[in-house]
Q: 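Before anything else, here's the structure in question.
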Amino acid sequence: MSLGVALLASEATPLSKTGGLADVAGALAECLHAAGHDARLFTPGYASIDRGRFAPQPLPALQDIPLEVGPHRYVFSVSEARLPGSGVRAYLIECPQLYARASLYTTDPDEHLRFLAFTRAALIACARLGFSPDIVHLNDWHTAFGPLMLRTQFAQEAAFARAHTVLTIHNIGYQGVFGAEAVGDLALGEQAYLLHQDDLRAGHINPLRHGILYAEALTTVSPTHAREICTDEYGMGLQDSLRMRERDLTGILNGVDYSVWDPRCDPHLPRHFDAQHLGAKAELKRAFLARMGFTTAAAVPLAGIVSRLAVQKGFDLTFEVLPRMLEGRELALMVLGMGEARYEQFFTELAERFPGRVIFHRGYDDALAHWIEASADLFLMPSRYEPCGLNQMYSLRYGTVPVVRRTGGLADSVEHFDPVTGSGTGVVFNDFDAPALEWALNSALDWYAEPKLWRQIMRNGMAQDFSWTRQTEQYVQIYQRLAGR
Ligand code: ADP
Ligand code: GLC
């Protein structure tokens, strides 16, 4: 039975992206569509969207619509783009006053309003389009007030008469908290009692918490993380609300879009390879080392990092470990990322201290990310917490051995290699501390020094399949259960 699914996401590839949420929103919409469902994407019309490429068409009936967010007045319009390849409908909520900023997310005082407005506008757009979804699928804090809005302000709206809600938590570390003095922005009137009262008394409003309280079904992006976020250690203050909803919470590992992330057809690479033809990987590495200005020999193991440089990603551990490893062992390191100043400064200084061996490219660069996945020998993700993580799964397919901490989706997608049985796909360490990371890196380098062993790890990883088709089926099961079919 075909389902109507309205997917609301604050970023979606290929339109806009800062991290994995975009990859997931885009891929899930496409896979649902391919499976015969009417999945439509709603996302903000950021200024950074390449309008030449995607040619969004203004929808004549959805222009200059007044939008009230509490006492604030905006005007929005809707334009429709089709995702290249799949033809999925993507509706851009156009409101330059809110979405024409230097970056997708900001620290501006109206940040909560930007996404309250987006959520409301997307629901209004749904109704005006005559689209009556079976499922409204919200993602992260930005759209987490959706279920409460549907239950209150949109309760009489015919378009949502049969709609059920799902909230996916991609990143519990970002909750969108704002001050209780802005309670009027929610315009709940007499229904304000539905807000989390303890938070209000403590002086704040937590969007993600309200999604957790009011969405009918909750998911997060790996089974391990679903268990983790109900604990005090990983719940980030929301564990009590999550425990209350534990029965409705499912962990579904993210998938990989192998049409973009596969060394057999990667559009960013001049040469392609698979587990039987690893020679081309070695050639790509040589070309990459030369192009980036490495002076190390091709035989020296190259570690890669592609990441937002945020506390979550665990690079604090590298402060102590990487300089020591680089002093003591043959190792080259390619880092691509941007984010918090202390990590940027650390990698800048590391590159200065080990010229020709460490290269830090500060910034966001999709093509370079593909080159690193293809050229590196190992890939480093020492995350403090990782709801799913995509790069370790990309790495597996590229024969780039992931070195990861056993948390969240990293634990669910990388199996620690066992030299005795020959099974396993990477190096997995348990504790979030420097000795554990150092042990992991040393293990990786020791195994790298034994080419037969290393090829075995590479091939084990390359044989893994994390395609979206299977994962999408798990979302569909949840949708169908809610829709009572
Ligand atoms: P998160 O969503 O927490 O950032 P994920 O591993 O789920 O982590 O997804 C990150 C995605 O963003 C991957 O597709 C990765 O390649 C990409 N990415 C992160 N930083 C950069 C960067 N500096 N340049 C290019 N791509 C990046
Ligand atoms: C988040 C998480 C990451 C996950 C991504 C997509 O930002 O940090 O682990 O893969 O969302 O779900």
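Below, each value reflects all heavy atoms present in this structure, side chains not excepted, and no hydrogens, waters or symmetry copies. In each ligand, atom 1 is the first atom listed, and ligand 1 is the first ligand listed.
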Q: Can you list the residues that meet the ring pair (Phe, Tyr, Trp, His ring centres under 6.0 Å) rule with His210, with sequence neighbours excluded?
A: Phe145
Q: Quick one: does any side-chain atom of Arg271 pair with a main-chain N or O of Leu284 as donor and acceptor, under 3.5 Å?
A: no
Q: List of N/O pairs, ligand 1 versus protein, all under 3.5 Å?
A:
residue  : atom   : partner : partner atom : Å
ligand 1 : 2 (O)  : Gly20   : N            : 2.6
ligand 1 : 3 (O)  : Arg308  : NH2          : 2.7
ligand 1 : 3 (O)  : Lys313  : NZ           : 2.7
ligand 1 : 4 (O)  : Arg308  : NE           : 2.7
ligand 1 : 6 (O)  : Leu390  : N            : 2.8
ligand 1 : 8 (O)  : Lys313  : NZ           : 3.2
ligand 1 : 9 (O)  : Gly20   : N            : 3.2
ligand 1 : 14 (O) : Lys17   : NZ           : 2.8
ligand 1 : 14 (O) : Asp23   : OD2          : 2.9
ligand 1 : 16 (O) : Asn391  : OD1          : 3.4
ligand 1 : 16 (O) : Asn391  : ND2          : 3.3
ligand 1 : 23 (N) : Gly363  : O            : 2.8
ligand 1 : 24 (N) : Asp365  : N            : 3.0

Q: What residue and atom, counting heavy atoms only, is the protein's closest point to atom 12 (O) of ligand 2, and at what distance?
A: His170 ND1, 2.7 Å
Q: Do Tyr343 and Thr318 have side-chain N/O donor and acceptor atoms under 3.5 Å apart?
A: no
Q: Among all protein non-hydrogen atoms, which one is nearest to atom 8 (O) of ligand 2, and what is the separation to 0.1 Å?
A: Gln312 NE2, 2.8 Å
Q: Only one of His164, His137, Gln474 forms a side chain to side chain donor-acceptor pair (under 3.5 Å) with Tyr479, so which one is it?
A: His137
Q: Among protein heavy atoms, which sits nearest to atom 10 (O) of ligand 2, and what does the distance come to when rounded to 0.1 Å?
A: Gly389 N, 2.8 Å
Q: Looking only at heavy atoms of Gly409, does any of them come nearer than 4.0 Å to an atom of ligand 2?
A: no
Q: Is the side chain of Glu386 donor-acceptor paired with the backbone N or O of Met381 at a distance under 3.5 Å, no angle test?
A: no
Q: I'd like to know if the side chain of Thr219 pairs up with that of Thr250 as donor and acceptor (distance under 3.5 Å, no hydrogens or angles considered).
A: no
Q: Specify the protein heavy atom at minimum distance from atom 7 (O) of ligand 2: its residue, its atom name, and the distance to 0.1 Å.
A: Asn171 ND2, 3.5 Å
